[in-house]
Participant: 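Provided herewith is a single structure, encoded as structure tokens, for subsequent inquiry.
Nothing fancy with the numbering, it's 1 onward along the sequence. Worth saying up front: this structure is predicted, and the values here are computed from it rather than measured. All ligand and atom numbering here is 1-based and tracks the order in the structure.
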Amino acid sequence: MNMLHSIIVNQIKRFGPINLAEYMTLCLLHPEHGYYIKGTPIGRHGDFITAPEISQMFGEMLGLCLVQTWFNQGHPDPFILVELGPGRGTLMADILRAAKAVPGFLQAAQIWLVEVSDDLKGQQSKTLKDYNPHWVDKIEDLPDRPIFLVANEFFDALPMRQFHRTKDGWQERMLGLSAGELSFGLASPLPVDAMDQWPDATIGDIVETSAPAQAIAAEISGRIKDHGGVALIVDYGHFDGKGDTFQALRQHQKTDPLMFPGESDLTAHVNFASLVQSTAGIDHSAMTAQGVLLERLGITERAQTLADNLTGDPLQTHIAAHRRLTHPAEMGALFQAIALYPRGATLPPGFDLHVT
Ligand code: SAH
């Protein structure tokens with residue numbers, strides 16, 4: 001039992017069951033005990049490892065995609081280069097290093113990081129000390145400029161609610177108490193037409209919805225529509241899939257999400273269809289597998305160049321990293337990407353075209 005566990009149990013005792021979004025918000029963002037607020041979750045010694053922490057090639061490829069898109073849109077100057085949830089700052093550092101080679105890009109870029117964790121802000125300021133970044137807690141506070149944005153493993157951390165289609169209608173998955181302990185249950189049924197986004201759902205189906213993810217996608221789309229730019233969103237997810245994807249990760253192992261509130265990473269798969277449905281007045285690519293995207297952007301050529309300077313263990317690690325990022329049996333197909341861009345603009349390189 002930890003402090004946050006007692007806080008949540010007491011809250012439920014006083015005010016009744018909470019939904020998964022409320023539980024995720026408490027576990028991830030509680031001002032004192034929240035997972036992202038108090039600790040350093042990412043990396044080999046943390047609970048999970050992300051693509052930029054596996055290899056510099058991930059950020060370099062996304063950097064090339066951003067730079068090409070910036071050129072395709074007439075190289076706006078000034079513009080904001082934004083990352084949502086930058087973790088340790090590794091992805092942005094790799095993007096900036098790749099972009100350095102391109103005249104004009106860095107001079108026109110103002111770097112803005114959207115981050116809630118003071119601890120991670122501290123790490124980002126060290127990693128990015130040469131680039132004078134700015135921070136905001138939420139995307140609404142960004143300046144109004146052309147926006148070139150990346151978000152890797154950001155949307156999966158946003159609170160979501162889960163609904164089960166039962167014979168009685170839709171029932172939300174809740175957390176209550178059973179014999180004084182946290183336990184899952186279902187709320188009383190809502191009518192079947194309460195969830196008109198899933199008219200074809202059948203009994204036994206489970207769907208998940210994230211209001212914060214939808215609101216952020218809508219905000220990004222408004223900015224791209226008004227000022228131009230692009231958003232590259234990479235995450236593990238699906239296009240409008242169903243099922244229970246709520247999970248907890250602790251020290252690189254899946255764990256019971258109720259066991260260590262605030263001490264394990266809670267996530268859910270990102271529903272890319274719901275993100276694009278929240279946009280208006282812009283275009284989007286098709287959902288593209290991470291492995292395919294990175295291959296098209298030239299990761300294999302880059303891997304070969306980097307390999308030329310390596311031998312022994314570092315070479316083996318490098319080869320394994322390339323495989324891990326791109327192979328369909330590893331992160332290559334589990335992770336998917338989508339690009340949001342202005343209506344009628346050129347499709348950002350590497351992405352599949354969305355055909356209507
Ligand atoms: N993009 C990084 C880190 C992913 S972890 C990488 O690829 O390595 C998720 C990141 O999102 C962390 O930096 C976390 O602090 C941040 N975050 C989580 N919820 C957030 C929210 N609601 N608003 C802003 N940042 C958030």
Side-chain angles (χ1 to χ4, degrees), residues 21-31 33-63 66 81-96 111-128 133-142 149-160 210-217 219-220 231-237 247-250 252 262 264-270 290 293-294 321 324-325 331 334-337:
E22 291 167 299
Y23 182 67
M24 286 179 84
T25 304
L26 284 165
C27 290
L28 298 177
L29 302 179
H30 184 278
H33 307 291
Y35 180 73
Y36 282 116
I37 304 304
K38 65 178 183 192
T40 300
I42 309 154
R44 279 188 183 75
H45 304 293
D47 293 307
F48 60 98
I49 188 152
T50 57
E53 302 294 334
I54 292 171
S55 166
Q56 68 187 72
M57 297 186 290
F58 179 78
E60 290 171 351
M61 293 306 116
L62 292 191
L66 285 176
L81 180 59
V82 178
E83 183 172 357
L84 307 183
R88 307 206 303 182
T90 311
L91 172 57
M92 183 55 86
D94 292 337
I95 289 173
L96 292 167
I111 294 147
W112 287 83
L113 307 172
V114 181
E115 177 57 72
V116 279
S117 158
D118 286 337
D119 184 78
L120 289 172
K121 279 181 197 165
Q123 295 191 40
Q124 292 154 18
S125 74
K126 277 192 201 131
T127 313
L128 299 168
H134 307 265
W135 281 269
V136 284
D137 289 346
K138 49 188 196 321
I139 179 167
E140 289 82 352
D141 298 336
L142 291 170
L149 176 148
V150 286
N152 181 58
E153 289 210 42
F154 169 76
F155 282 92
D156 66 8
L158 298 178
M160 63 85 192
S210 171
Q214 291 169 346
I216 292 171
E219 173 73 24
I220 294 173
L232 310 181
I233 298 170
V234 187
D235 227 305
Y236 65 130
Q247 72 164 35
L249 216 56
R250 190 166 190 245
H252 303 272
S264 63
D265 182 40
L266 299 180
T267 58
H269 281 205
V270 172
Q290 171 176 301
L293 174 68
L294 294 176
R324 193 161 167 198
L325 290 178
M331 294 170 81
L334 178 63
F335 281 75
Q336 299 281 335

Participant: Do you know which two heavy atoms are closest between Gln336 and Gly237, and how far apart they sit?
Facilitator: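 Distance-wise, the nearest heavy atoms are CG-O, 4.0 Å.
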Participant: May I ask you to check whether Tyr36 and Asp265 show a side-chain donor-acceptor distance below 3.5 Å?
Facilitator: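 There is such a pair between these side chains.
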Participant: Between Asp235 and Phe155, is there a donor-acceptor pair closer than 3.5 Å when you use the side chain of the first and the backbone of the second?
Facilitator: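 Side chain of Asp235 to backbone of Phe155, a donor-acceptor pair under 3.5 Å: yes, one is there.
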Participant: Using a 4.0 Å cut-off on heavy atoms, what residues surround ligand 1? Order them by chain and number.
Facilitator: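 Ligand 1 is contacted, at a heavy-atom distance under 4.0 Å, by Leu29, Tyr36, Ile42, Phe48, Thr50, Pro52, Glu83, Gly85, Pro86, Gly87, Val114, Glu115, Val116, Ser117, Leu120, Asn152, Glu153, Phe154, Leu158.
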Participant: With Lys121, which residues qualify under salt bridge (charged side-chain N to carboxylate O under 4.0 Å, His left out), at least two apart?
Facilitator: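 If we apply the salt bridge (charged side-chain N to carboxylate O under 4.0 Å, His left out) test to Lys121, skipping adjacent residues, the hits are Asp118, Asp137.
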Participant: Name all residues meeting the salt bridge (charged side-chain N to carboxylate O under 4.0 Å, His left out) criterion together with Asp94; count only those two or more places apart in sequence or in a different chain, and write none if there are none.
Facilitator: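 Arg97.
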Participant: With sequence neighbours left out, write down each residue that passes ring-ring contact (aromatic ring centres under 6.0 Å, His included) with Phe58, or none if nothing qualifies.
Facilitator: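 Once residues adjacent in sequence are excluded, Phe58 has no partner under the ring-ring contact (aromatic ring centres under 6.0 Å, His included) criterion.
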